[in-house]
Amino acid sequence: MTIASVHAPTAWRGSDSPDERNGVRSANVKALSRHAQKRTINSLLVNFRTSHFRILRLAHAQFSSTRTLSLAWDAELRSWEKDKKNIKFQIKELLEYPDTMWLLLYPEGTRFTPKKLEASQKFAIEKGLPVLKYHLTPRTKGFTASIPHMRGKATAIYDIQIGFKLSDPVKPTMKNLLFGKRLEGHMYAKRIPTEEVPEGDEAAAEWLQTLYQQKDRMAKSFYETGDFFATSGVPRIGSFRLKRRYYSLVNTICWAIVVLVPMLYYLLRLLLSGSIFGISVAVGVIFVCK
């Protein structure tokens with residue numbers, strides 16, 4: 001059996017002390033991440049990062065300009081005023097949960113695709129906003145609506161930048177991961193105290209736009225040089241590689257046995273059934289999984 005792995009060399013900004021890094025285990029925070037085409041892989045890396053800190057509750061949220069779409073929030077709300085009240089209520093519930101919580105926010109609001117990038121750049125030009133090349137223009141309403149309710153309760157915002165080198169022979173897809181192919185993701189994490197986000201919706205929105213300009217420069221630098229800092233103008237910081245945890249391997253093997261043994265048993269029964277339909281189904285399953 002081949003066990004797939006995702007390695008994540010991590011650049012950590014805002015805390016040089018291991019004890020301070022470990023302090024995030026006891027603090028509620030908001031994490032800003034890119035809503036990429038391969039969002040599943042990006043989310044997997046963020047989950048991997050939070051589980052390293054023994055944080056099990058990771059709430060996902062994505063905001064559009066007048067709607068809130070997530071597992072926690074109702075997508076059928078028809079007015080922004082109702083949306084804001086709903087955001088306040090749900091954030092209050094999340095923050096009152098007894099365990100540490102990370103709120104993972106995708107300010108771009110939707111997945112990154114060439115077509116959506118073109119539409120986003122056109123919108124930015126029309127509105128006089130910075131034109132981004134590697135990100136969609138962030139939708140600021142959800143961010144500015146949530147920040148006031150997190151002040152004093154969430155200690156920090158983590159700006160998370162994830163990249164996979166274009167030169168890597170194995171592309172970052174769930175299919176490659178499930179087939180045991182080795183992926184290497186690079187993550188930059190910057191700790192920003194919540195107090196640094198200015199008060200007021202307009203000022204907070206401008207702060208988010210400025211942050212995304214920096215994120216775009218870092219993405220450009222990474223895709224061109226394989227390094228977040230080479231041409232982005234962001235000061236270089238040290239990096240470290242997360243250690244492998246053997247109990248994760250044991251957990252994966254146990255679940256693989258629980259799931260795969262019954263599947264292989266029924267697949268073998270189909271092949272030996274003598275039924276044309278059964279054999280066709282078994283061959284089809286094998287072909288799909290190949």
Side-chain angles (χ1 to χ4, degrees), residues 30-39 42-43 46 60-70 72-88 90-91 103-151 154 157-163 188 190 192-224 228 231-234:
K30 174 183 282 192
L32 302 179
S33 182
R34 181 189 178 195
H35 209 323
Q37 282 177 289
K38 307 302 181 184
R39 183 171 70 94
N42 283 11
S43 297
V46 176
H60 294 252
Q62 68 182 63
F63 296 116
S64 66
S65 58
T66 57
R67 296 287 162 84
T68 306
L69 307 175
S70 73
W73 285 300
D74 183 8
E76 299 300 325
L77 297 176
R78 297 183 179 179
S79 76
W80 177 237
E81 290 303 318
K82 289 183 179 179
D83 281 357
K84 288 198 293 186
K85 291 179 181 179
N86 201 43
I87 289 173
K88 177 181 178 181
Q90 293 293 342
I91 287 181
L103 177 64
L104 180 56
L105 177 65
Y106 298 103
E108 292 164 272
T110 185
R111 294 181 184 231
F112 182 97
T113 66
K115 185 176 181 180
K116 290 175 181 176
L117 175 62
E118 183 181 352
S120 174
Q121 290 175 336
K122 182 180 178 181
F123 173 81
I125 293 172
E126 291 174 352
K127 299 296 182 180
L129 298 172
V131 178
L132 307 178
K133 184 178 179 181
Y134 298 93
H135 297 78
L136 305 181
T137 299
R139 303 179 180 186
T140 58
K141 278 193 174 182
F143 176 79
T144 57
S146 63
I147 279 293
H149 310 300
M150 301 191 75
R151 293 186 187 277
I157 295 171
Y158 284 91
D159 171 28
I160 298 175
Q161 189 85 1
I162 295 173
Y188 168 88
K190 178 182 178 181
I192 306 170
T194 307
E195 295 77 19
E196 289 189 11
V197 180
E199 301 275 357
D201 288 356
E202 289 188 9
E206 184 178 349
W207 179 89
L208 185 65
Q209 295 285 1
T210 302
L211 177 65
Y212 262 76
Q213 292 178 62
Q214 176 183 290
K215 290 171 73 67
D216 211 56
R217 293 196 304 270
M218 293 184 72
K220 182 177 187 292
S221 176
F222 182 84
Y223 290 128
E224 292 180 351
F228 285 124
T231 61
S232 65
V234 176

Hey, can you tell me if F143 and W207 have their rings parallel, tilted or perpendicular (30° and 60° cut-offs)? parallel
Tell me, yes or no, whether the heavy-atom count around E202 atom CD, taken from other residues, nucleotides or ligands under 6.0 Å, exceeds 12. no
To the nearest 0.5 Å, what is the distance between CG on L211 and CG on D216? 11.0 Å
Could you tell me whether a side-chain N or O of S221 sits under 3.5 Å from a main-chain N or O of T231, the two making a donor and an acceptor? yes
Counting neighbours of NZ on K220 that are heavy atoms of other residues, nucleotides or ligands and sit closer than 6.0 Å, is the number greater than 12? no
Counting heavy atoms not belonging to E224, are there more than 12 under 6.0 Å from its CD? yes
Taking all non-hydrogen atoms of both residues into account, name the closest pair between L132 and H135 and its distance. CB-O, 3.3 Å
I'd like to check the side chain to side chain donor-acceptor pair (under 3.5 Å) partners of T194; sequence neighbours left out, ordered by chain and number. none
If we only count heavy atoms from C-beta on, is the P138 to Q209 side-chain gap below 4.5 Å? yes
Of all the heavy-atom pairs spanning R139 and G109, show the shortest one and how long it is. CD-CA, 4.5 Å
Smallest heavy-atom separation, E196 atom then I192 atom, equals OE1-CG2, 3.6 Å
Can you confirm whether D159 sits close enough to Y188 that some side-chain heavy atom of one is under 4.5 Å from a side-chain heavy atom of the other? yes
Side chain of S120, backbone of T137: donor and acceptor closer than 3.5 Å? yes
A side-chain contact here means heavy atoms from C-beta on lying under 4.5 Å apart; do V197 and R151 qualify? yes
Is there a side-chain contact between I147 and I157 in this structure, where contact means two heavy atoms from C-beta onward sitting under 4.5 Å apart? yes
Between L117 and Q121, is there a side-chain heavy-atom distance shorter than 4.5 Å? yes
Side chain to side chain contact (heavy atoms under 4.5 Å, CB included) test vs S232 passes for just one of M218, K215, Q161, namely M218
Residue pair L136, Y212: steps toward the side-chain contact (heavy atoms from CB on, under 4.5 Å) verdict: CA-CA 9 Å; L136 305 181; Y212 262 76; over 6 Å; no
Shortest non-hydrogen separation from A204 to P198 and the atoms involved: CB-O, 3.8 Å
